[in-house]
Amino acid sequence: GLTTEQICGGDDKAKLFPRPDFVPSIVKMKLSEDGTFATTEWITLKDSSGKTITGLSNPLKAAKTEAGYDVTGKQLPFDPSGLDTEGLVRLKDGSFWVGEEYGPSLVHIAADGKIIERLVPAGVDADLAGAGYKVTGALPAIIAKRQLNRGIEGIAMSPDEKFLYAIVQNPLANPDAKAFKDAVATRILKLDLATQQVVGEFVYALDPFNTFKNDPKSDKESDVRISELSAVGTDQLIVLERIAKTTKLYAISLDGATNILGTAWDDKATSPSLEQVMTADLAGKGINPVSKKLWLDSADHKELPEKVEGVAILENGDLIAINDDDFGIDGAHTIIVRLSLPAPAF
């Protein structure tokens, strides 16, 4: 068989689309007592005119982008409306916010699947002028320096629906990919939902790669990434930090953390960049990262599947965890697990 790189014209940064006709969708599932689950609602995402969108790459100049290919090796067109959807929250009014990797962006979606608005880093909005929905450059411009495929994967909403939180999956490639490979500091954004303005930006320091027990072959810090965010209170969040086979859940608080929004750390000219500062040196730079308390380590829970990427916390404190089966291409199945943890996160 051919490798992805061979199919994609020798481009090792390209993205292979086995199903270019895939439509990003929001699916409602019902979990039954017998351990099975069924889909009860399927909401396809649509532009302002009601046309379904694609998952194809965006035509970006302000940020790096990925050429797309189908399985025959044909290069696919860029799509300014395309979304690489990840994290999801639902509001009481039935609308949704979705975290997205290409922009990276935060996308507000109506209950029927129509995209209301997409918030992208300042400067990226000009590249998406051809999108079939409203695009606003409301996020800090520096966020456009995300590494390819390492955009916004985790989002959460405060219980009172006043604030939306988003975390970049990995530290930025700032100033370059070399910095990304060793970086430990990733960024959390706090958005005021009433104004849709970013009001906070905080530093989250990733764990060392060699502390993930089920991933002994990991050999670089960029293997560590954030795949999920949940809010249990205002500025009180659960962060899912993982490599391939180990998932850690941390209870974090933004209280006491340094708000770096609009500071030199948001300036691309700052040297060393935030991403070039190691954990032990953050305090010396005047940065208090968010506090972290380990709540769960999947290495201690053999009942959990590999590659847990999604979590939800129920009202009684139980935890729902779901894995990423990567479309089942390698034979994985979707598994949902419900856990009762011995102690509350906060």
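- By the 4.5 Å heavy-atom criterion applied to side chains, Leu83 and Val98 are not counted as neighbours.
- Inter-residue side-chain proximity for Val89 and Phe96 is flagged as unmet; no heavy-atom pair is nearer than 4.5 Å.
- The environment of Lys293 atom NZ is dense: over 12 non-hydrogen atoms of other residues, nucleotides or ligands sit within 6.0 angstrom.
- Between the side chains of Ser81 and Lys51, not a single donor N or O lies within less than 3.5 Å of an accepting N or O.
- With respect to Lys292 and Glu241, a salt bridge is recorded, a charged nitrogen being found less than 4.0 Å from a carboxylate O.
- The shortest side-chain heavy-atom distance between Leu274 and Ile287 falls under the 4.5 Å cut-off.
- In this structure, the separation between NZ on Lys220 and CZ on Phe180 is 8.5 Å, given to the nearest 0.5 Å.
- Between Val232 and Leu237, the closest side-chain pair of non-hydrogen atoms is not below 4.5 Å.
- Using a 4.0 Å cut-off between charged nitrogen and carboxylate oxygen, Asp112 and Lys46 do not count as a salt-bridge pair.
- Considering CZ of Phe163 and CG of Leu254, their distance stands at 10.5 Å, rounded to 0.5 Å.
- For the pair Lys114 and Tyr133, the cation-pi test (distance below 6.0 Å, angle within 45°) is failed.
- When all heavy atoms are compared, the tightest approach of Asn58 to Gly103 is OD1-N, 4.5 Å.
- Put simply, the residue from Met29, Lys28, Lys30 that forms a side-chain contact (heavy atoms from CB on, under 4.5 Å) with Thr39 is Met29.
- Lys13 has no carboxylate O lying under 4.0 Å from a charged side-chain N of Asp11, or vice versa, which leaves the two without a salt bridge.
- Put simply, the side chain of Ser298 does not reach to within 4.5 Å of the side chain of Arg242, judged on heavy atoms.
- Salt bridge status for Arg118 with Glu100: present, with a side-chain N to carboxylate O gap under 4.0 Å.
- Among all heavy-atom pairs drawn from Ile7 and Asp70, the shortest one is CG2-O, 3.4 Å.
- The shortest heavy-atom contact between Arg150 and Arg225 is NH2-NH2, 3.0 Å.
- Side-chain contact of Gln196 with Glu117: a donor-acceptor pair under 3.5 Å is present, judged by distance alone.
- The shortest distance between side-chain heavy atoms of Leu339 and Leu304 falls below 4.5 Å.
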For the pair Asn170 and Thr186, evaluate side chain to side chain donor-acceptor pair (under 3.5 Å) and give the outcome as yes or no after the intermediate values.
CA-CA 6 Å; Asn170 279 78; Thr186 193; over 6 Å; no
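- Lys178 has no carboxylate O lying under 4.0 Å from a charged side-chain N of Glu275, or vice versa, which leaves the two without a salt bridge.
- Note on Asp223 versus Lys217: no salt bridge recorded, every NZ/NE/NH1/NH2 to OD/OE distance being 4.0 Å or above.
- Put simply, CD1 on Ile109 and OG1 on Thr85 are 7.5 Å apart, with the number rounded to the nearest 0.5 Å.
- A side-chain donor-acceptor contact under 3.5 Å links Asp207 and Tyr250.
- For the pair Pro24/Phe22, a side-chain contact is recorded, criterion being any heavy-atom separation below 4.5 Å from C-beta on.
- Here Asn288 contributes atom CG and Leu282 contributes atom CG; the two are 9.0 Å apart, rounded to the nearest 0.5 Å.
- Residues Lys15 and Leu148 form no side-chain contact, since every pair of their non-hydrogen atoms from C-beta on lies 4.5 Å or further apart.
- Annotation: the span from Lys248 atom NZ to Lys213 atom NZ amounts to 8.0 Å, rounded to 0.5 Å.
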